[in-house]
Amino acid sequence: MSGARRRGARQSGAGFSAERPLSRQEGRARERSQRRRRGMFKAGIIAVLVVAVGGGSLAYAFYDKLNGNIKTADVTSALGDDRPAQSPPGAVNIALIGSDSRAGTGGAYGKALGSEHSDTLMVLHLSADHKWATAVSLPRDSWVDIPSCDLGGGKTSAPTKAKINSAFAVGGSRGGGAAGGAACTIKTVEQNTGLRIDHFLEIDFSGFSNMVNALGGVQMCLPKAIKDTKASLSLPAGCQKLDGKQALGFARARYALGDGSDIGRIGRQQELLAAMLATVQDKKLDAPAMYRLADAATKSLTVDSKLGGLSGLLGLAKDFQAMPKGGLTFVTVPNYPRELDVPSDKANVVWKTASKDLFTALRDDKPVDKDGRPLSASDDSPEPARSGALKRKDIKVTVLNGTDVTGKATGISRKVAADGFRSGATGNAARREPVTVIRYGQGGEQAARTLADALGLDTSRLRQEGGAAASSVTLIIGADYASAGL
């Protein structure tokens with residue numbers, strides 16, 4: 001993937017606005033903000049949903065109707081006993097799953113894929129003291145380990161490596177449905193993050209479309225006309241009100257906008273969500289309108305049986321209402337194009353080693369910043385804060401292969417570059433090395449520590465040697481590279 005394409009994959013497609021087209025300067029500023037909030041769309045839909053069902057007397061007046069809309073699924077037995085440890089008492093991890101089911105769409109947005117996938121996947125962590133929460137977006141094209149999943153009837157699937165969104169399809173095969181799909185998705189998330197998932201909420205295409213219609217449409221301003229047949233979307237340029245079908249097509253558009261990537265469309269989804277939330281606020285919905293919104297949302301919602309339907313959602317609404325304003329942080333799991341590891345793979349992404357720190361912090365119920373770094377070691381730079389710390393872009397990294405694996409230095413050098421460091425030379429070490437180490441020259445300890453932090457290596461692997469510049473370090477890959485997470 002070229003540098004230009006890769007940068008494009010991390011930007012929103014066209015700088016859309018609910019009010020007016022953005023200037024180039026405003027668009028760039030918004031793109032920077034969007035890259036830090038890629039998980040906002042689905043979390044925001046859940047937020048709208050919780051507001052809708054948590055409307056006090058409204059919810060209780062129509063309790064039986066709304067509660068009857070919600071489907072529940074028992075996934076306990078399918079998850080088994082080999083799971084991560086429970087979160088600290090009071091903390092909650094919720095899997096938010098956006099299914100790509102075409103049911104109820106009348107054939108729009110393409111034909112059914114034969115099996116459903118998780119079109120959007122997030123983990124929402126609510127702290128034990130309910131003072132903060134973190135929503136982590138897991139890109140649907142993440143290349144991860146898919147564990148063996150229960151298929152029913154005493155059958156299980158074989159573990160494999162694949163896109164994370166395929167886990168829903170694996171579990172939902174052989175008649176497993178939403179319960180099987182959710183269970184396999186949860187197992188996959190747990191295995192790759194180490195977080196124990198306490199609850200899940202799943203909403204499908206028709207649910208989002210019906211929520212927009214319940215609002216009477218949503219106002220958007222488009223700087224140029226859009227025509228995307230795969231998203232069933234044809235819109236002129238200018239300000240206009242989108243109905244549910246158009247809004248869903250806009251949220252799903254990939255090929256007619258931007259670079260066609262999944263990550264590229266997330267910025268447009270954020271614009272749409274902002275417009276939806278503004279519509280809710282500006283209209284100051286009365287009880288009938290609030291009921292229509294809640295009714296539309298709950299009709300396409302499936303939750304785990306432990307959450308308990310509407311009563312559980314009302315409980316979550318109460319927990320989130322107790323959280324101070326600004327307490328929710330949106331993070332996308334740090335990732336890089338898999339093409340750096342497998343040149344033929346132009347479509348998928350791999351999680352960076354920095355994701356370990358993100359998930360470790362959430363397992364320990366500790367907050368992270370907008371880039372997923374623990375707050376105790378964060379600032380506005382790409383690496384943990386230290387007095388006078390070097391920026392990653394200023395550190396030149398030479399990578400030497402001390403293993404028997406051909407090409408290992410080149411692959412690791414690409415990963416280091418994807419993490420923001422300057423690429424140095426690559427080659428073979430003078431001899432086979434049993435342990436991976438970072439060598440640095442006089443005054444270069446800070447640069448070596450910054451690289452170690454980025455790669456998840458402890459400081460016992462740092463070795464000082466003479467001759468190198470303070471901003472240059474050498475990473476020697478040893479035979480323990482797999483256990484070192486490289």
Side-chain angles (χ1 to χ4, degrees), residues 6-12 15 22 25-47 91 93-94 96 120-127 129-140 142 189 193 195 261-274 277 320 323-336 349-386 389 391-393 418-421 450 453-454 456:
R6 184 177 162 217
R7 286 190 295 273
R10 297 179 183 277
Q11 297 176 353
S12 63
L22 299 176
Q25 183 176 6
E26 290 171 325
R28 288 176 178 173
R30 180 159 294 180
E31 285 169 357
R32 288 194 295 270
S33 173
Q34 288 168 347
R35 287 197 297 269
R36 293 171 176 172
R37 297 181 293 116
R38 289 172 181 150
M40 183 178 178
F41 182 68
K42 185 55 64 177
I45 293 301
I46 298 299
N93 292 317
I94 306 167
L96 308 179
T120 305
L121 180 59
M122 297 183 61
V123 174
L124 180 61
H125 175 89
L126 178 64
S127 67
D129 60 11
H130 297 172
K131 291 183 178 180
W132 59 271
T134 299
V136 183
S137 176
L138 310 180
R140 56 177 285 176
S142 298
V189 170
T193 68
L195 295 172
S261 73
D262 177 63
I263 293 177
R265 68 179 175 176
I266 297 178
R268 299 187 292 276
Q269 293 176 341
Q270 293 174 5
E271 297 287 352
L272 179 58
L273 172 62
L277 294 177
F320 277 96
M323 187 172 62
K325 184 178 180 180
L328 178 59
T329 300
F330 297 95
V331 179
T332 297
V333 62
N335 65 84
Y336 65 89
V349 298
V350 176
W351 296 354
K352 293 182 180 180
T353 53
S355 64
K356 296 179 182 178
D357 292 335
L358 164 63
F359 295 124
T360 296
L362 296 183
R363 282 198 302 272
D364 295 337
D365 197 33
K366 295 178 180 179
V368 298
D369 67 10
K370 59 186 177 298
D371 295 312
R373 292 175 289 131
L375 284 178
S376 59
S378 67
D379 64 359
D380 291 333
S381 65
E383 57 275 336
R386 292 188 182 87
K391 304 293 185 182
R392 293 186 183 183
K393 63 183 178 62
D419 273 336
F421 294 90
T450 300
D453 285 341

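Since the model is a prediction, treat every value here as computed from it, not as a measurement. Nothing fancy with the numbering, it's 1 onward along the sequence.
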Sorted by chain and residue number, the side chain to side chain donor-acceptor pair (under 3.5 Å) partners of Asp357 (sequence neighbours excluded) come out as none

dist His125:NE2 -> Asp365:CG (nearest 0.5 Å) comes out at 4.0 Å

Note: Ala454 and Thr353 closest approach over all heavy atoms is O-OG1, 2.6 Å

Paired with Leu358, the side chain to side chain contact (heavy atoms under 4.5 Å, CB included) test is passed by just one of Val368, Thr332, Asp371, Asp369, namely Val368

Between the CG atom in Leu195 and the OG1 atom in Thr360, the distance rounded to the nearest 0.5 Å is 8.5 Å

Smallest heavy-atom separation, Arg363 atom then Thr193 atom, equals NH1-O, 2.8 Å

Shortest non-hydrogen pair, Thr450 vs Arg392, comes out as CG2-CG, 4.2 Å

For Val333 and Asn335 the tightest heavy-atom approach is O-ND2, 3.0 Å

For Ser142, the side chain to side chain donor-acceptor pair (under 3.5 Å) test, sequence neighbours excluded, returns Trp351

So NZ of Lys366 and CG of Leu375: to nearest 0.5 Å the spacing works out to 11.0 Å

Closest heavy-atom pair, Tyr336 versus Lys352, reported as atoms and distance to 0.1 Å, is CD2-CG, 3.7 Å

The reported gap from CG in Leu121 to CG in Leu138 (rounded to nearest 0.5 angstrom) is 4.5 Å

For Pro139 and Val349, the nearest pair of non-hydrogen atoms, with its separation, is CB-CG2, 4.2 Å

Sorted by chain and residue number, the side chain to side chain donor-acceptor pair (under 3.5 Å) partners of Asp129 (sequence neighbours excluded) come out as Ser127

